[in-house]
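What follows is one structure encoded as structure tokens, with my remarks underneath.
Just the heavy atoms: all of them, side chains too, but no hydrogens, waters or symmetry mates, feed the values below. Counting starts at 1 for both ligands and their atoms, following the listed order. The shown structure was predicted, so the numbers you read here are calculated from the model rather than taken from an experiment.
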Amino acid sequence: MKKLLLCMFAVLSLLAPELEAGAPMDTFAGEPEVRAEEPALAAPSVSGALQVTGTQLCGADGNPVQLRGISTHGLAWYPEYVNEDCFRQLRQEWNVNVVRLALYTEEYGGYCSGGSQDALKALIDQGVSYAAAQDLYAIIDWHILSDGNPNRHLEEAKAFFQEVSAKYADCPNVLYEICNEPNGGVSWGEIKQYAETVAGIIRENAKDAVILVGTPNWSQYVDQAAADPITSYGNLMYTLHFYAATHTDALRKTMVSAIERGLPVFVSEYGICDASGNGAVDTAEAGKWVETMDQYGVSYIAWNLSNKAETSAVLNSSCTKTSGFTGDDLSASGKWLYQMLTSEKEPLPAAPLAEANPAEAAETPAASVPEGISCTAVLQNHWTSNGECFYHYTASVQNGGKTACDTWRVQAVFNGPVVLQDSWNGDFYIDGKTLHVTPKDYNRSIPAGGATGDIGFIVKGGNDLQLLCCV
Ligand code: IDC
């Protein structure tokens, strides 16, 4: 049993516009748009659960948003970068808003090739909860590669996505990528069939979560998906992957024409070197890709967060740190990425756990719809009594936004059912794995930059109870 110190984001779900019930069936048919203004960078504390409208990724409020981040290398290869300090630095210093958790299915310690499934799932749990704690989105990536056809491990994929989608159903920061790079001649028809099956399983639990679908030829033939998209589920996007020293104008054109045909495209993996993940970098081509992706509001995630001796790794192989990276620790890919992510765009809103500033709060006039509400919950103690496990948490709710909030609501999502034993400084009820907290009169309003603390609860649960996220 791990002691958890979980710092979590929260959204004021009372105040956020409700999502339409059920996933829209016709999102694909939306108008393709080239945006005059680039979409804002999403942050879970502000944008909440994402959705797809037309070709565009949007926040819960329907406004266009973009994700830009980094992918882990294979979780089995480089588990050490799944740590909260690393994620904090990526969010706060690199302006990253999404981390992709790459779970290889066949290569090295793969999920379907003898790797420890429990250890890999534990890394996903940690990745999702650290991401939530640092106000980041997390993509659970079923990283097929040498297994070319996603149907090869269909049964394992079904069981895996059934399990993770049930676990993270109420975590708005989670997206699902169901097949990294179909290849080896597998047709779009076969991929589509796989995607419909797996999306159906995810939809039983996570009704509206965004699902990313790979496309033929190492996720390059988005044109084939555009010609025959999946219509049975909404909130789907189709992935395109590029490596700038290999893929240039022709693949960019394929991307643009698929979008113009109405296909929501997501670049869930790219490198600025060649397609082997090695070789020289091509920053000129990389710049053209970034320009085009920004122009079309496409989200993009760089490969890879490791110190492997290969060009695509963002750390030098001599760097043994797992967080607190400095410029000297970065490879050419890493330097380019840092520079690109931290220039031009507006910085992300302050991370949710920024220190409250009471002086600033006092000067801020009251208003009713704040952004940037977040929650911190600390496991104070846990014990076993008569064979039952008890967990004592204290939570505080911060208002990192620019306006006062006049009410709030927090939902803490656990990895298993919980029973409430005791609570204070809030009104509480439990629905399965979720603890709902609303304020008392005396801690209902929180000034901008302020916080309300000492919200306590003791729950009874399984012997490996974990708090997954807070919304
Ligand atoms: C590469 C890794 C490399 C690893 C190899 C395994 O960078 O260290 O040995 O996988 O086969 C992709 C894949 C991605 C590849 C990457 C670079 O999605 O898994 O990672 N790449 O080859 N598609 C195009 C390039």
Side-chain angles (χ1 to χ4, degrees), residues 69-82 98-115 120 123 127 139-150 152-153 157 175-186 191 212-222 237-248 250-252 254-255 265-282 285-286 289 293 299-317 319 330-334 336-337:
I70 188 160
S71 177
T72 67
H73 196 289
L75 290 173
W77 256 294
Y78 292 97
E80 61 270 36
Y81 300 102
V82 179
V98 61
V99 172
R100 178 183 189 237
L101 304 167
L103 181 79
Y104 277 88
T105 45
E106 279 211 344
E107 279 79 358
Y108 186 82
Y111 192 85
C112 307
S113 62
L120 289 165
L123 282 164
I139 296 179
I140 300 177
D141 162 35
W142 183 253
H143 201 90
I144 68 160
L145 191 58
S146 57
D147 37 345
N149 185 339
R152 178 144 153 197
H153 293 299
L175 294 81
Y176 301 90
E177 182 170 0
I178 61 177
C179 50
N180 167 49
E181 289 185 355
N183 64 81
V186 62
I191 300 166
L212 308 180
V213 182
T215 54
N217 200 45
W218 292 279
S219 290
Q220 289 168 34
Y221 291 170
V222 283
M237 302 189 87
Y238 300 80
T239 64
L240 178 133
H241 291 178
F242 71 83
Y243 281 77
T246 303
H247 307 116
T248 60
L251 189 58
R252 266 198 301 282
T254 305
M255 178 178 83
V265 172
F266 193 117
V267 174
S268 58
E269 185 184 302
Y270 72 92
I272 65 167
C273 55
D274 71 32
S276 70
N278 227 325
V281 299
D282 189 337
E285 276 300 326
W289 274 105
M293 293 185 294
S299 295
Y300 44 97
I301 300 181
W303 182 260
N304 70 74
L305 177 56
S306 81
N307 69 346
K308 186 163 177 176
E310 61 181 9
T311 314
S312 56
V314 299
L315 301 172
N316 286 326
S317 52
C319 169
L330 304 185
S331 66
S333 287
W336 177 88
L337 182 64

Which residue holds the protein heavy atom closest to [atom], what is that atom called, and what is the gap in Å?
{"atom": "atom 7 (O) of ligand 1", "value": "E310 OE2, 2.7 Å"}
{"atom": "atom 11 (O) of ligand 1", "value": "L145 CD2, 3.5 Å"}
{"atom": "atom 13 (C) of ligand 1", "value": "E269 OE2, 3.2 Å"}

**Asked** In Å and rounded to the nearest 0.5 Å, what is the CD to CD1 distance from E181 to I144?
**Response**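 Rounded to the nearest 0.5 Å, the CD-CD1 separation comes to 8.5 Å.
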
[X]: heavy atom below 4.0 Å from ligand 1, yes or no?
{"X": "Y104", "result": "yes"}
{"X": "H241", "result": "no"}
{"X": "Y243", "result": "yes"}

**Message:** Give the atom numbers and elements of ligand 1 that come within less than 4.0 Å of a heavy atom of H143.
**Reply:** 13 (C), 14 (C), 18 (O), 19 (O)

**Request:** Report, in ascending order of atom number, the atoms of ligand 1 lying under 4.0 Å from any heavy atom of H73.
**Result:**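 Numbered from 1, ligand 1 contributes 2 (C), 3 (C), 7 (O), 8 (O).
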
**Request:** Step by step, work out the side chain to side chain contact (heavy atoms under 4.5 Å, CB included) result for H143 and E107.
**Result:** CA-CA 9 Å; H143 201 90; E107 279 79 358; 5.9 Å; no

**Request:** Could you say whether the N/O atoms of W77 and ligand 1 ever approach to under 3.5 Å?
**Result:** no

Region of [X] engaging ligand 1 - heavy atom pairs below 4.0 Å:
{"X": "W303", "answer": "side chain"}
{"X": "N180", "answer": "side chain"}
{"X": "S276", "answer": "backbone"}
{"X": "A275", "answer": "backbone"}

**Request:** Would you indicate which of E106, K308, Q220 comes nearest to atom 8 (O) of ligand 1 when only heavy atoms are counted?
**Result:** K308

**Request:** Step by step, work out the side-chain hydrogen bond (donor to acceptor under 3.5 Å, both in side chains) result for N304 and H73.
**Result:** CA-CA 5 Å; N304 70 74; H73 196 289; 4.7 Å; no

Can you say whether the rings of [X] and [Y] are parallel (under 30°), tilted (30 to 60°) or perpendicular (over 60°)?
{"X": "F242", "Y": "W289", "result": "parallel"}
{"X": "Y108", "Y": "W77", "result": "parallel"}
{"X": "W303", "Y": "Y104", "result": "perpendicular"}

**Prompt:** If you take all heavy atoms of L251 and H241, which pair is closest and at what distance?
**Reply:**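 Closest pair (atom of L251, atom of H241, distance): CD2-O, 3.5 Å.
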
**Message:** For the backbone of A275 and the side chain of T246, can you confirm whether one donor and one acceptor N or O come within less than 3.5 Å of each other?
**Reply:**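 Looks like yes, one N/O pair under 3.5 Å.
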
**Asked** Between E106 and L145, is there a donor-acceptor pair closer than 3.5 Å when you use the side chain of the first and the backbone of the second?
**Response** no

